[in-house]
Amino acid sequence: DPPRGIPLGRLRMKDLTNAGIHRAGRTVAVQEGKPVVEDGRILEVSNVVWATGFTPNFDWIDLPIPIHNGYPIQNRGIVDPVPGLYFVGLAFLYSLSSALLGGVGRDAGYIADHIAARGAERTTAGAVGASQP
């Protein structure tokens, strides 16, 4: 069986609220790229943290994700066979703290740097290609 989770740290609800994080409930649909929650609201968001609990389930992702022992095959959160797909919050993505709210920032930063580098490569490639006849 795959690991069930590592509840080694704890944050109180007021800590999340003070940080500007709001719980929205279960997402039941997507409309024009925006999540629709169970009460019918369409959320205007730039980021979604999808919490699946302590049992991993990636069936809702309609992409050809390589899976091994119930977890996506990835390298520090980067899914090479599916460009543009990334994960944070998985157990041991990089270290034990990867699955904890207090440790996920390092992994998110690594992925953000990767995304920025991809964008810079595309911009540079486009500029080089545009100058050639």
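Bear in mind that the values here come from a model prediction, so they are computed numbers and not experimental data.
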For Pro66 versus Pro81, what's the shortest heavy-atom pair and its separation?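 Smallest interatomic distance, heavy atoms only, reads CG-CG, 3.9 Å.
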
Hey, could you give me the CG/CG distance between Asp107 and Leu90, rounded to the nearest 0.5 Å?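 That separation rounds to 9.0 Å.
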
Kindly state whether the ring of Phe87 and the ring of Phe58 have centres lying under 6.0 angstrom apart.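 Yes, the ring centres sit under 6.0 Å apart.
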
When you group the ILVMFWY residues by side-chain heavy-atom contacts below 4.5 Å and let the links chain together, are Ile115 and Val88 in the same group?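 Yes, Val88 and Ile115 fall within the same hydrophobic cluster.
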
Closest approach of Leu43 and Ala24, non-hydrogen atoms and distance?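 The pair with the smallest heavy-atom distance is CD1-CB, 3.5 Å.
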
Tell me, do Val30 and Val36 make a side-chain contact under 4.5 Å, heavy atoms counted?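 A side-chain contact is absent here, since even the closest heavy-atom pair is not under 4.5 Å.
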
In terms of hydrophobic clusters joined by side-chain contacts under 4.5 Å, are Leu85 and Ile111 together?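 No, no single cluster joins them.
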
Work out which heavy atom in Val37 is nearest to a heavy atom in Gly25; give both atom names and the distance.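 Smallest interatomic distance, heavy atoms only, reads CG1-O, 4.0 Å.
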
Leu93 and Gln74, any side-chain heavy atoms less than 4.5 Å apart: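 Answer yes - side chains close enough.
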
Just how far is it from atom CD1 of Ile61 to atom CD1 of Ile67, taken to the nearest 0.5 Å?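 Going from the CD1 atom of Ile61 to the CD1 atom of Ile67 covers 7.5 Å.
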
Nearest-0.5 Å distance that lies between atom CZ in Arg76 and atom CZ in Arg106: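 One finds 7.0 Å between CZ of Arg76 and CZ of Arg106.
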
Taking all atoms of both residues into account, what is the closest heavy-atom pair of Thr27 and Pro35, and its distance?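 It is CG2-CB, 3.9 Å.
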
Trp60 and Leu63: same hydrophobic cluster, using ILVMFWY side-chain contacts below 4.5 Å?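 Looking at the clustering, Leu63 is in the same group as Trp60.
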
